[in-house]
Protein chains: 2
Amino acid sequence: MIRTEALRVFVNVADCGNIRDAAERLFRTPSAISMTLKQLEEQLGARLFETDRKSTLTALGAEMHTIATELLRDHDRALDRIEAAATGRQGRLQLASVPSVAAELLPGLLADFLTERPGVTIELVDTDSSSVHALVAGGTVELGIAGPPDSGSGLTFTPLFRDPFRLVCRADHALADRTEPVTWDDLGGQRIISNEAASTIGAAEYRALVKSPALSARNVISLLALVRAGAGLTLLPRLATVSLGPDLRALPIADPTAQREVGVILRQSRTPTPVCGAFLDRIVRGTRDIR
Amino acid sequence: MIRTEALRVFVNVADCGNIRDAAERLFRTPSAISMTLKQLEEQLGARLFETDRKSTLTALGAEMHTIATELLRDHDRALDRIEAAATGRQGRLQLASVPSVAAELLPGLLADFLTERPGVTIELVDTDSSSVHALVAGGTVELGIAGPPDSGSGLTFTPLFRDPFRLVCRADHALADRTEPVTWDDLGGQRIISNEAASTIGAAEYRALVKSPALSARNVISLLALVRAGAGLTLLPRLATVSLGPDLRALPIADPTAQREVGVILRQSRTPTPVCGAFLDRIVRGTRDIR
DNA sequence: AGGTATACTTCAGGCAAACTGAAATTTAAT
DNA sequence: ATTAAATTTCAGTTTGCCTGAAGTATACCT
C-alpha cells in the first residue's frame with residue numbers, strides 16, 4: 001500500500017532536487033528519505049528519477065509529481081477541514097434565546113466568539129422560553145438559553161444564573177419613588193399585566209394578583225408600551241429592564257423567591273458540535289459573575 | 001497526525017453501523033478497529049459516535065463522514081491513476097516509424113496493445129529513417145523504429161531484425177522472370193531510382209549504380225509510381241514489398257550484405273515511460289521470429 | 001587524470017505504533 | 001434477573017520506520 005507520507009517525501013525531493021534538502025524540510029535523515037523513495041519505486045515497479053542524484057525526474061516521475069501534488073493538496077485541505085470542524089474553528093451554530101439574554105448578554109459574547117473564530121456562522125433566534133424549548137427539542141436549533149424545561153421533554157438544563165424580577169411602572173407612578181423594595185401588598189389594587197416570564201413566579205400572592213384574566217402580553221415591546229400607556233404594571237426579570245427609557249422605572253421586589261432561573265437547553269443524548277461546545281464554555285464563563 | 005487509514009476505518013464503521021462488520025470488511029479484529037477509532041477521537045478531541053455502540057453518529061461524526069468519504073474517494077482515485085501510470089495501463093505513447101514497419105508490422109501490434117490497455121493513447125508518425133531519429137532526438141516522439149542512428153546523436157539503438165533488399169521492377173521487365181537472385185552485374189545499364197532506405201546499402205557496386213544523380217524519390221508511393229511508369233528500377237526492403245500490386249515484382253538480391261537493419265530508437269539517459277516500456281516488450285516479442 | 005568533497009545508499013539496531021487474542025466490561029434483550 | 005452480544009481493555013508480538021555509521025558512487029577541482 002502506498003502511503004500518503006511516501007508521496008509527500010517524493011514531492012519534496014522532486015521540488016528540492018536533492019535528498020539532503022528534502023530531508024531537512026521533512027525533519028528526517030537522508031537515509032530515511034532514500035529508503036522511502038526506494039520503497040515507493042519498488043511498489044510502483046518503475047523508477048521516478050533518472051539517476052540516483054535526484055535532480056531530474058523520469059517521464060513517469062513528472063506525471064507522478066503532478067498527480068501527487070494535487071493529491072497532497074486535497075488531502076491536507078480535507079484534513080484541515082476535519083480539524084477545523086473538530087475544534088470548532090469552523091461550523092454553524094444555531095441558537096435560540098429568550099429576548100432579554102439575546103439583547104443584553106449575547107451580543108458581546110457572540111461578537112468576541114466570531115472574532116476568535118472567523119470560520120463560524122451563527123444563527124440566533126430570540127423568542128419566549130417555551131418556544132426556545134420547542135426549537136431545541138425539534139432540532140431546529142442546537143442550543144437554547146431559557147428557563148428550565150419540563151422534565152421528560154428530552155432536554156437537559158444547565159443553570160447559568162438567577163435573575164430577580166422587578167416591578168416595571170411609569171416614572172410618574174405612585175410607587176416609582178419608593179426607596180424600599182416593593183412587597184406584594186404594595187401591589188394590591190394595581191392592575192398587573194401578566195407575561196410569560198413572570199408566569200414562572202410561584203408566590204401565591206402574585207398568583208392571586210394575576211389570577212383574573214386582566215391583561216397579558218407576549219412581546220416585551222408591546223408589554224412596555226402597555227405600561228407606558230398607563231394600562232398597568234408588569235414584572236420583568238432585571239436583565240430585561242436594564243435598557244428602559246427615562247419614562248419607566250424598574251423597582252426591586254421584596255420577595256426573594258420572585259426570580260427566574262436562566263440556563264442552557266440542549267437535547268438529551270445529543271453530543272454538542274464542537275462549535276456549540278466552545279460557545280457553551282464561553283457562556284458559562286461570561287455569566288459566572290452574575291450568578 | 002491523522003492517518004488516511006484511520007479515516008477509512010471510521011467511514012467503514014459508520015457505514016456498517018457496528019464494529020464487528022467493519023472489522024470483517026477491513027480484515028482486522030474488532031479490537032484493532034476499536035483502538036483506531038479511540039485514537040482518532042483522541043486526536044480530534046471530540047466524540048464521533050453518540051454511544052459506544054457505533055450505530056449513531058454525533059453531529060461532528062456526520063460532518064466528518066461527509067468530508068472523509070470524499071477524501072477517501074479522491075485519494076483512492078489518485079492512487080489508482082498513479083498505479084495506472086506506473087504500470088502503463090494508462091498514458092500516451094508517441095512513436096515514429098519507417099513506413100514499411102508502420103504499415104506491415106505495427107497495425108497488428110498496436111491493435112492488440114490497445115485492446116489490452118484501454119487507457120492508452122497512441123500517436124504514430126510514419127516517416128523516413130532520419131526523420132525518425134530527429135523526432136526522437138527532439139523529444140517530439142518517445143520511441144522510434146528505424147535504422148541505426150549516427151553514434152553521438154544521443155540516441156540508443158536496439159536491433160530488432162534485418163531485412164534484405166529486393167529489386168522492384170515492372171512485371172513486364174526483362175529481369176522479372178529470373179529464378180536466380182539478381183546480382184549487381186545484372187543491373188548494369190539499368191536506371192536505378194535511389195531512395196533513403198537503399199542509401200544504407202554499403203556495397204561498392206550499388207554505390208556505383210546510383211552515384212550519378214539520376215532519379216530519387218523520398219516517398220514509397222511516388223517511388224513505386226515511377227517504377228510503374230517505367231522510369232527505372234529501385235531497391236526496397238523486403239517488408240516494404242509485401243503488398244505490391246500485380247504489375248510489380250520484388251526480386252531477391254544475391255549480395256547478402258544488401259540488407260537494412262531495423263531497430264528501436266530511444267533517447268539516451270531517458271527512462272522510457274511504462275507504456276513505452278510495455279510496448280517495447282511487445283515489439284521485441286512480435287519481431288523475434290523475423291530475426 | 002587523480003584526488004577530494006559531496007550525495008546517496010546500505011546496514012544494523014532501536015523504537016514506536018499497530019495488530020492479535022483473551023479477558024473484562026458494558027449494553028440490549030428475553 | 002439472566003443471558004447473549006458487542007465493545008473495550010490489556011498484554012504480548014509483530015511490523016515497519018527511523019537513526020547513525022559505514023560504504024559506494026558521482027561530480028568537481030586542480
Side-chain angles (χ1 to χ4, degrees), chain A residues 1-58 61 64-65 68 72 75 79 154 268-271, chain B residues 1-58 61 64-65 68 72 75 79 154 268-271:
Chain A
M1 181 52 65
I2 292 174
R3 287 177 313 135
T4 309
E5 289 314 302
L7 294 179
R8 196 184 303 280
V9 165
F10 163 67
V11 167
N12 270 278
V13 173
D15 289 344
C16 290
N18 67 78
I19 284 190
R20 194 174 40 82
D21 293 351
E24 198 168 330
R25 270 207 210 172
L26 297 165
F27 306 103
R28 301 270 131 76
T29 57
S31 75
I33 304 298
S34 174
M35 288 167 113
T36 301
L37 232 42
K38 186 187 167 195
Q39 185 187 336
L40 186 58
E41 287 183 334
E42 274 166 8
Q43 285 168 332
L44 295 173
R47 305 223 47 180
L48 293 168
F49 294 92
E50 288 293 358
T51 66
D52 54 3
R53 298 293 167 109
K54 313 302 184 190
S55 51
T56 50
L57 291 163
T58 60
M64 275 272 300
H65 185 262
L72 289 173
H75 182 268
L79 238 54
Q268 232 165 31
S269 57
R270 281 275 191 288
T271 308
Chain B
M1 180 53 63
I2 292 173
R3 289 175 312 137
T4 309
E5 290 314 301
L7 294 179
R8 196 184 303 281
V9 165
F10 164 66
V11 168
N12 269 279
V13 173
D15 289 343
C16 290
N18 68 77
I19 283 191
R20 196 174 40 80
D21 294 351
E24 197 168 331
R25 272 206 208 174
L26 296 165
F27 306 104
R28 301 269 133 77
T29 56
S31 73
I33 304 298
S34 174
M35 288 168 112
T36 301
L37 232 43
K38 186 186 167 196
Q39 185 187 336
L40 186 58
E41 287 183 334
E42 273 166 8
Q43 284 167 333
L44 295 173
R47 304 223 50 180
L48 293 168
F49 295 92
E50 287 292 359
T51 66
D52 53 5
R53 299 291 166 110
K54 313 301 182 188
S55 51
T56 49
L57 291 163
T58 60
M64 275 270 302
H65 185 262
L72 288 173
H75 182 268
L79 237 53
Q268 233 167 31
S269 55
R270 281 275 191 290
T271 307

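Each chain gets a letter, A, B and so on, in the order the sequences are listed, and its residues count up from 1.
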Worked check of salt bridge (charged side-chain N to carboxylate O under 4.0 Å, His left out) between B:Lys38 and B:Glu41: CA-CA 5 Å; B:Lys38 186 186 167 196; B:Glu41 287 183 334; over 6 Å; no
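- Across the protein-nucleic acid pair, B:Phe27 atom CZ and C:dT20 atom P stand 12 Å apart, rounded to whole Å.
- Distance check, rounded to the nearest 0.5 Å: OG1 of A:Thr4 to CE of B:Met1 gives 10.5 Å.
- Using a 4.0 Å cut-off, no side-chain N or O of A:Lys38 falls inside it from OP1 or OP2 of C:dC8.
- Here the P atom of nucleotide C:dA24 and the CE atom of B:Met35 are 17 Å apart, to the nearest Å.
- Residue A:Ala32 places its side chain closer to D:dC18 than to any other of D:dC18, D:dT8, D:dA21.
- Within residues 49-57 of chain B, the residues approached by DNA chain C to less than 4.0 Å at the level of any non-hydrogen atom are B:Asp52, B:Arg53, in residue-number order.
- Not one side-chain nitrogen or oxygen of A:Thr29 sits closer than 4.0 Å to the OP1 or OP2 atom of C:dC8.
- Across C:dC8, D:dT9, C:dC19, the shortest atom-to-atom separation from the side chain of B:Thr36 is found for C:dC19.
- Distance alone, capped at 3.5 Å, places no donor-acceptor pair between the B:Asp21 side chain and the B:Glu24 backbone.
- Look at CG on A:Asn18: it is 10 Å from C1' on C:dC8, rounded to the nearest Å.
- Looking only at atom types and distance, the side chain of A:Glu50 has a donor-acceptor partner in the side chain of B:Thr271 under 3.5 Å away.
- Checking D:dT8, D:dA11, C:dT10 against the side-chain heavy atoms of B:Ile19 singles out D:dT8 as nearest.
- Close to C:dA18, at under 4.0 Å from its OP1 or OP2, lies a side-chain N or O of B:Arg3.
- Here C:dA18 presents its P atom at 13 Å from CE of B:Met1, a figure rounded to the nearest Å.
- The aromatic rings of A:Phe10 and A:His65 sit perpendicular, their planes meeting at an angle over 60°, well past the 30° parallel limit.
- Following rounding to the nearest Å, A:Ile33 (CD1) and D:dC18 (C1') show an atom-to-atom distance of 10 Å.
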B:Glu5 vs B:Thr36, side-chain contact (heavy atoms from CB on, under 4.5 Å): CA-CA, chis, key distance, verdict: CA-CA 9 Å; B:Glu5 290 314 301; B:Thr36 301; over 6 Å; no
side-chain contact (heavy atoms from CB on, under 4.5 Å) between B:Leu48 and B:Leu40, worked out: CA-CA 9 Å; B:Leu48 293 168; B:Leu40 186 58; 3.9 Å; yes
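- Whole-Å rounding puts the B:Leu48 CG to D:dT7 C1' distance at 16 Å.
- Closest to the side chain of B:Gln39, from the set C:dA18, C:dT10, D:dT8, is C:dA18.
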